[in-house]
Amino acid sequence: MEPVHIRDKHFKLFIGRDEIQQRISHMAQQIEQDYSGKQPIFLCLLKGSFIFAADLFRAVNMPAEVSFVRLNSYDGTNSTGEVNTLLAINDILQDRHVILVEDIIDTGKTVHELMKELEYLQPASVKLASLLSKPDALQHDVTIDYTGFVIPDKFVVGYGMDYNELGRNLPDIYVLADQED
Ligand code: IMP
Ligand code: MG
């Protein structure tokens with residue numbers, strides 16, 4: 001597979017589409033078991049999780065709803081440490097079973113802040129599904145209930161994830177080439 005160039009950087013293939021789909025099927029099965037008899041609402045964090053969320057949501061064979069929230073904490077390849085709400089939640093989440101859907105947990109700041117906000121909306125439960133987890137970068141108290149892949153602290157793009165807004169439409173996940181040893 002050829003390396004891809006995005007702006008000033010080179011990326012190489014890291015996790016292929018088939019491996020991603022296999023993992024998502026497995027995550028969906030776990031969710032079906034855990035939420036049997038319930039009707040969860042998938043709350044997707046835009047923009048990065050939109051492709052993962054679309055695949056996970058379709059893989060879950062049960063009555064379920066979907067909604068979206070948009071926060072922003074990333075600038076280029078670094079977390080800024082500040083989280084802003086760009087699209088607020090306007091669904092009634094009181095007494096609902098919420099499954100937060102994230103592309104990647106890096107420092108954990110975004111999800112940590114969102115969890116605090118969600119408490120005010122009094123959901124029945126909140127769980128977190130994240131396609132990727134970078135435990136070496138984690139700085140906040142975040143528990144991932146459904147993890148796709150645990151990866152090293154390296155910058156990735158594709159399958160929804162971007163480098164300064166480009167690369168989201170790559171069907172596979174790529175890693176920054178000069179970070180790979
Ligand atoms: P956190 O708040 O530091 O956990 O950052 C989480 C958000 O930063 C994720 O939802 C992603 O949108 C973005 N992010 C973190 N790591 C990467 C990466 O390696 N590539 C692209 N985006 C990333
Ligand atoms: Mg994101």
Side-chain angles (χ1 to χ4, degrees), residues 1 3-17 19-20 23-24 27 41-57 66-89 98-119 126-181:
M1 193 64 90
V4 299
H5 301 214
I6 302 175
R7 302 191 188 275
D8 58 328
K9 300 203 188 303
H10 297 226
F11 293 86
K12 58 188 213 182
L13 186 65
F14 186 43
I15 308 173
R17 62 196 79 179
E19 207 182 333
I20 296 171
R23 193 67 201 130
I24 289 175
M27 295 169 87
I41 179 162
F42 287 65
L43 184 60
C44 313
L45 276 92
L46 295 174
K47 299 176 187 174
S49 81
F50 85 109
I51 291 179
F52 168 52
D55 283 345
L56 182 67
F57 192 60
V66 67
S67 187
F68 303 91
V69 62
R70 186 167 172 210
L71 308 171
N72 204 348
S73 73
Y74 241 73
D75 175 25
T77 59
N78 292 298
S79 179
T80 61
E82 251 181 63
V83 178
N84 305 306
T85 304
L86 302 176
L87 173 69
I89 304 161
V98 176
I99 303 174
L100 280 184
V101 183
E102 245 301 32
D103 50 355
I104 181 163
I105 306 298
D106 185 49
T107 65
K109 174 98 178 163
T110 310
V111 164
H112 185 76
E113 295 294 322
L114 182 58
M115 290 278 191
K116 284 197 287 186
E117 293 295 316
L118 281 176
E119 269 180 39
V126 181
K127 283 195 181 187
L128 172 62
S130 184
L131 180 64
L132 303 178
S133 161
K134 289 183 189 174
D136 295 344
L138 195 66
Q139 292 173 21
H140 298 267
D141 183 18
V142 170
T143 304
I144 310 175
D145 301 283
Y146 308 99
T147 307
F149 301 91
V150 174
I151 64 163
D153 187 8
K154 291 176 176 170
F155 191 76
V156 294
V157 292
Y159 196 70
M161 292 169 286
D162 71 306
Y163 169 46
N164 280 342
E165 294 304 325
L166 291 181
R168 294 192 196 275
N169 55 341
L170 292 166
D172 309 282
I173 298 174
Y174 288 77
V175 65
L176 193 57
D178 48 3
Q179 281 192 324
E180 267 288 85
D181 25 13

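Values below: every heavy atom of this structure, side chains too, minus hydrogens, waters and symmetry copies. Both counts, for ligands and for their atoms, begin at 1 and track the order of listing.
For ligand 1, the atoms closer than 4.0 angstrom to any heavy atom of D162 are 21 (C). Taking every heavy atom of T110 and a limit of under 4.0 angstrom, the matching atoms of ligand 1 come to 1 (P), 2 (O), 5 (O), 6 (C). Per-residue contacts place G108 under 4.0 angstrom from the following atoms of ligand 1 (heavy atoms of the residue considered): 1 (P), 3 (O), 4 (O). Residue K154 approaches ligand 1 through these ligand atoms, each under 4.0 Å from one of its heavy atoms: 19 (O). Close approach to E102 involves these atoms of ligand 1, each under 4.0 Å from a residue heavy atom: 9 (C), 10 (O).
Within the 4.0 Å heavy-atom cutoff, L45 does not count among the residues contacting ligand 1. Every heavy atom of Q139 sits 4.0 Å or more from the atoms of ligand 1.
In summary, of the residues considered (D153, V150, I151), a side chain to side chain contact (heavy atoms under 4.5 Å, CB included) with P135 occurs for V150 alone.
Formation of a donor-acceptor pair under 3.5 Å by the R7 side chain with backbone atoms of N164 is found in this model. With hydrogens and angles disregarded, a donor-acceptor distance shorter than 3.5 Å links the side chain of S49 to the backbone of V101. Without hydrogens or angle criteria, D162 side chain to G167 main chain gives no donor-acceptor distance under 3.5 Å.
Residue-to-ligand polar distances keep M161 apart from ligand 1: every N/O pair is separated by 3.5 Å or more.
For K47, no heavy-atom contact with ligand 1 is shorter than 4.0 Å. At a heavy-atom distance under 4.0 Å, no atom of V157 approaches ligand 1.
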| Given Q139 and H112, is the side-chain contact (heavy atoms from CB on, under 4.5 Å) satisfied, shown in steps? | CA-CA 10 Å; Q139 292 173 21; H112 185 76; over 6 Å; no
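Residues passing the ring pair (Phe, Tyr, Trp, His ring centres under 6.0 Å) test with Y146: none are found, sequence neighbours excluded. Residues forming a salt bridge (charged side-chain N to carboxylate O under 4.0 Å, His left out) with R17 (at least two apart in sequence, or on another chain): D172.
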